[in-house]
Asker: 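This is the structure, below, for whatever I ask next.
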Amino acid sequence: MQVFTTPRKIIITCHKWLAISLNKEVVALGFTPDRVFQTGVELTGTVQDCIRLNLNLRCASQVMYSLKSFICNDPNELHQQLVSIPWETVIAPNGYFSVTSNVFHPSISTNLFANLRVKDAIVDRMRDVRGNRPNTGAELIGAVIHLFWKNEEAEVFIDTSGDSLARHGYRKIPGLAPMLEGLAAATIYATSWDRTSPFVNPMCGSGTLAIEAALIATKRAPGLLRNNYAFMHLIGYYKAVYEKERIIIEEQVRHLPNLVIIASDISKDAIKIAKINAAVAGVEDLIDFQVCDFEATEMPEPEEGAIVFINPEYGERLGEELELEATYARIGDYMKNKCKGMTGYIFTGNLELAKKIRLKPSRRIEFFNATIDCRLLE
């Protein structure tokens, strides 16, 4: 089984409602999706294609290469189906692999049991064919096999990513209630920002939105910040192919000396954390960090394509909401009085508080932040 050169189904997963942005990324890379659904994109390709996808996608979680789909009614059938796969052509006999799963079947009470059955099948097959077995464990530091099993339908994949692609690797200090990097990128894609005009991010917290804006504007792909993927631990992996893709993303970085990205926060600690994260991402010099109340943010000259993007707190307790009502009202005043000539965006998980802004949105774009139903209001 030559997975690096054999075209098969590829499922690129993402968090809920990010598929629209993910699909645009996939198309921009020259791929033609076969299907787009709420939590992912499907296309046809090889594991070599997966290398390119892993290095470039900002909104994805995992890039999954399908090995086999089958009807399955119980754990014994699962083992029988999986032991027929030539795992000795995928995983090195002295290698390491881990198993993840997403299972919805009455015969399985916990995903851990499903993972064990998958692991047993792989080990049994390799012991019978090769006379030895690879090491296994929970850490995603080697090859990763993923099982999806819902009702009677099961499918086993090579997870070519390993750790989630939605974490871009620069946020060494997350701060309070941080927005996931993949979500931040998707929300920026959903705006009207032209990626050369000013981007202003008051209430920046740990800096994720401003950093993602700088990365997107300068075409710095996530693969520049990561050097370990699960595809590197498969039989047939050639480092030269990966290094060629690395050179491509290195050469596409563009320098924008006049780019204006402003990130402000009233907390000195938040700005300190944001600067550290920006330095890891390699964009600290591209962002003007300011310690101040959001209304005191020094604004650039307004121009077409410029945006101001605020991700305020949502409030979880009554006292917090009462305090935040005044803050949201101030945000509305700030946008009306100090952001003229720019397009304003509010990302919030509290639509009742959003009413206090007293500005009518021209668009309401649905997102999820973890389990919180959110809106990006334009």
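All values derive from a computational prediction rather than experimental measurement. These values consider heavy atoms only, across backbone and side chains, with no hydrogens, waters or symmetry-generated copies.
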Asker: Here's a test for you: under side chain to side chain contact (heavy atoms under 4.5 Å, CB included), which of P202, P312, C339 qualifies with I331?
Answerer: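 Per the side chain to side chain contact (heavy atoms under 4.5 Å, CB included) rule, the option paired with I331 is P312, out of P202, P312, C339.
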Asker: Pairs of donor and acceptor atoms involving the side chains of residues 300-309, under 3.5 Å and at least two apart or interchain, shall be tabulated with distances.
Answerer:
from: E303; atom 1: OE2; to: S197; atom 2: OG; distance (Å): 3.1

Asker: Hydrophobic cluster mates of W17, side-chain heavy atoms under 4.5 angstrom, ILVMFWY only, any path?
Answerer: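 In the cluster with W17 are F368.
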Asker: T39 and K16: which non-hydrogen atoms are nearest, and at how many Å?
Answerer: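 Looking at all heavy atoms of both residues, the closest pair is CG2-CA, 4.0 Å.
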Asker: Determine whether the side chains of Y328 and T348 contain a donor N or O and an acceptor N or O closer than 3.5 Å.
Answerer: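 Yes - a donor-acceptor pair under 3.5 Å links their side chains.
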Asker: Could you tell me which non-hydrogen atom of T191 sits nearest to which non-hydrogen atom of R363, and how far apart they are?
Answerer: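 For T191 versus R363, the nearest heavy atoms are CA-NH2, 4.1 Å.
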Asker: Does any N or O in the side chain of Q290 come within less than 3.5 Å of the main-chain N or O of E298, such that one atom is a donor and the other an acceptor?
Answerer: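 Yes; judged by distance alone, with no hydrogens or angles, the pair exists.
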Asker: List for me each residue that meets side-chain contact (heavy atoms from CB on, under 4.5 Å) alongside K24, sequence neighbours excluded, and say none if there are none.
Answerer: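 side-chain contact (heavy atoms from CB on, under 4.5 Å) list for K24, sorted by chain: I20.
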Asker: May I have all residue pairs that pass ring pair (Phe, Tyr, Trp, His ring centres under 6.0 Å) and include part of residues 270-304, sequence neighbours excluded?
Answerer: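 Ring pair (Phe, Tyr, Trp, His ring centres under 6.0 Å) check on residues 270-304 returns F294-Y334.
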Asker: Is there a donor-acceptor contact under 3.5 Å from the side chain of N277 to the main chain of K172?
Answerer: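 Answer holds: yes.
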Asker: Could you work out the complete set of other residues in the hydrophobic cluster of V144, with links drawn between I, L, V, M, F, W and Y side chains under 4.5 Å apart?
Answerer: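 Members besides V144, by chain and number: L140.
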Asker: Taking the side chain as C-beta and beyond, is there a heavy-atom pair between F70 and S84 under 4.5 Å?
Answerer: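 Side chain of F70 against side chain of S84, heavy atoms only: no contact under 4.5 Å found.
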Asker: Donor-acceptor check, side chain of R130 to backbone of R125, threshold 3.5 angstrom: yes or no?
Answerer: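 Flag not set: sc R130 to bb R125 has no pair under 3.5 Å.
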Asker: Apply side-chain contact (heavy atoms from CB on, under 4.5 Å) to N23 and list each qualifying residue two or more places apart in sequence or on a separate chain.
Answerer: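 Partners of N23 under the side-chain contact (heavy atoms from CB on, under 4.5 Å) test: V27, P33, V36, V41.
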